[in-house]
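Written out below as structure tokens is the structure these notes cover.
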Number of protein chains: 2
Amino acid sequence: MDRFVSTFTNKIDAKGRVSIPAAFRVVLERDGYKVGGSAGIYCYPSLDAPALDAGGERLAQKIDGLLAGLPDYSDERDELSVALYGDVQVLSIDGDGRIVLPESLRAHAGLRDAVTFVGLGEKFQMWEPGRFGERRQRAREKVQGHRKLLGSAAGSGSRSGDDPASSLGGGGQGARE
Amino acid sequence: MDRFVSTFTNKIDAKGRVSIPAAFRVVLERDGYKVGGSAGIYCYPSLDAPALDAGGERLAQKIDGLLAGLPDYSDERDELSVALYGDVQVLSIDGDGRIVLPESLRAHAGLRDAVTFVGLGEKFQMWEPGRFGERRQRAREKVQGHRKLLGSAAGSGSRSGDDPASSLGGGGQGARE
DNA sequence: TAAAATCCCATGCGATCCCATAGATGCCCG
DNA sequence: CGGGCATCTATGGGATCGCATGGGATTTTA
């Protein structure tokens, strides 16, 4: 596995520590991070959501690439640089796979005593569980509008609705060695 | 053959485990999954049905491809990412060909003590047996209407349209809570 | 030196692995 | 042609392992 997938919710303990889901740690390690080493994960406030974005080396390079695409000295680049680099924190992972979130980051995401980790492929987000619930709801509704896209992507391009039984007839001979 | 076909109904045991139909396991292996390895199957709530969609690498690639088409950092991409990646679970298959369904997924499909696996070609769905029964009934009626369109093809194909799921009724013995 | 951050160990629960059983199927050999 | 044996699948249960979490102990910083 080389992408962040799924959601997990972990607690913040009295010292402000949170366990990073084991599945995510695996991805981070593959991305160049060595647990116990001196590297860390990149974390910054999401630009358009009350959440935190985080990832490993690949994410960092992606940001670099994004900025490189904009002309030097443009307003756009300046703003983006500040918005991204300015608030980036490099968090280290302790021996037990936990990180400590600085107050500034916690505030932006409204984190109190638990964190929902949301895998988004090349990066992941950290949400206050309640807020993420709302966001997920909205996202699902919006996706309904893209159903046709999905339908074709998922293969049953013939029709929009999922009509499982309709493919039953296909003489079930298939699954042979 | 390398597609998911037919339907099977298996029980959920006290630990929340369900056997994946052997026929489906064969397809998954061909799709890149190695039993006993570290990969898994991708599973997420169906967008428009009280069921779960699942598949192997090929299905994951489709999702990736869908997102790859959207510009980075666009609202659209973010929403879609959350809905897709965020809801996806990577389930590992144990040595006996079983998976464990997380509570969140079970809830969406209303799964309690049994699961009906429905082959849909390159992916398959998991239904609560009762609900699937209703859905299949409606689907059949619909198919009747389309039969003339399908013509002779439907004739040979529908022959095997017997009731695979019913076999479990006979074989199953202690189908209790 | 006090406060805070980091490291290290203990623990409980859930997830995973492994083995045992049983029904069903298919094959071989009589 | 039929009986019995080997195999495979589904399912249950026990044992084990890993992860998340909590609580000190130790080091670092102001």
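Chain identifiers are assigned alphabetically (A, B, ...) following the order of the sequence lines, protein sequences preceding nucleic acid strands; residue numbering begins at 1 within each chain.
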Between A:Arg98 and D:dG23, is there a side-chain N or O to OP1/OP2 distance below 4.0 Å? no
In terms of hydrophobic clustering (I, L, V, M, F, W, Y; side-chain heavy atoms under 4.5 Å; direct or indirect links), are A:Leu28 and A:Val100 co-clustered? no
Atom CD1 of A:Ile99 to atom P of D:dC19: distance rounded to whole Å? 17 Å
Under a 4.0 Å N-O cut-off, is there an ion pair linking A:Arg30 with A:Asp2? no
Sugar-phosphate only, base, or nothing, as touched by A:Ile20 at under 4.0 Å among non-hydrogen atoms: sugar-phosphate
Tell me whether the side-chain N/O atoms of B:Arg17 come closer than 4.0 Å to OP1 or OP2 in C:dC17. no
Using modelled atom types and a 3.5 Å cut-off, is there a donor and acceptor pairing between side-chain atoms of B:Glu128 and backbone atoms of B:Gly130? yes
B:Ile93 CD1 - D:dT11 C1' separation (whole Å): 17 Å
Atom-pair distance (CG on A:Asp96; C1' on C:dG12), nearest Å: 15 Å
Atom pair distance, as rounded to whole Å: CZ in A:Phe8 and C1' in D:dT21: 17 Å
Using whole Å, what does the distance between atom C1' of nucleotide D:dT21 and atom CZ of A:Phe117 come to? 13 Å
Take the protein atom NZ of A:Lys11 and the nucleotide atom C1' of C:dC13, then report the distance between them rounded to whole Å. 12 Å
Nearest whole angstrom, please: distance from the C1' of C:dT6 to the CG of A:Asp13. 13 Å
Please state how far atom CG in A:Asp94 lies from atom P in D:dT26, giving the value in whole angstrom units. 18 Å
4.5 Å side-chain heavy-atom contact, A:Phe8 and A:Thr116: no
What's the closest nucleotide to the side chain of A:Asn10 if the choices are D:dG22, D:dA10, D:dT21? D:dT21
Options D:dT9, D:dT11, D:dA20, nucleotide nearest the side-chain atoms of A:Ala22: D:dA20
Is a salt bridge present between A:Asp94 and A:Arg17, judged by a nitrogen-to-oxygen distance below 4.0 Å? no
Please tell me if B:Ser92 has a side-chain N or O lying less than 4.0 Å from either OP1 or OP2 of C:dA15. no
Between D:dA10, D:dG12, C:dT16, spot the one nearest the side chain of B:Val100, thanks. C:dT16
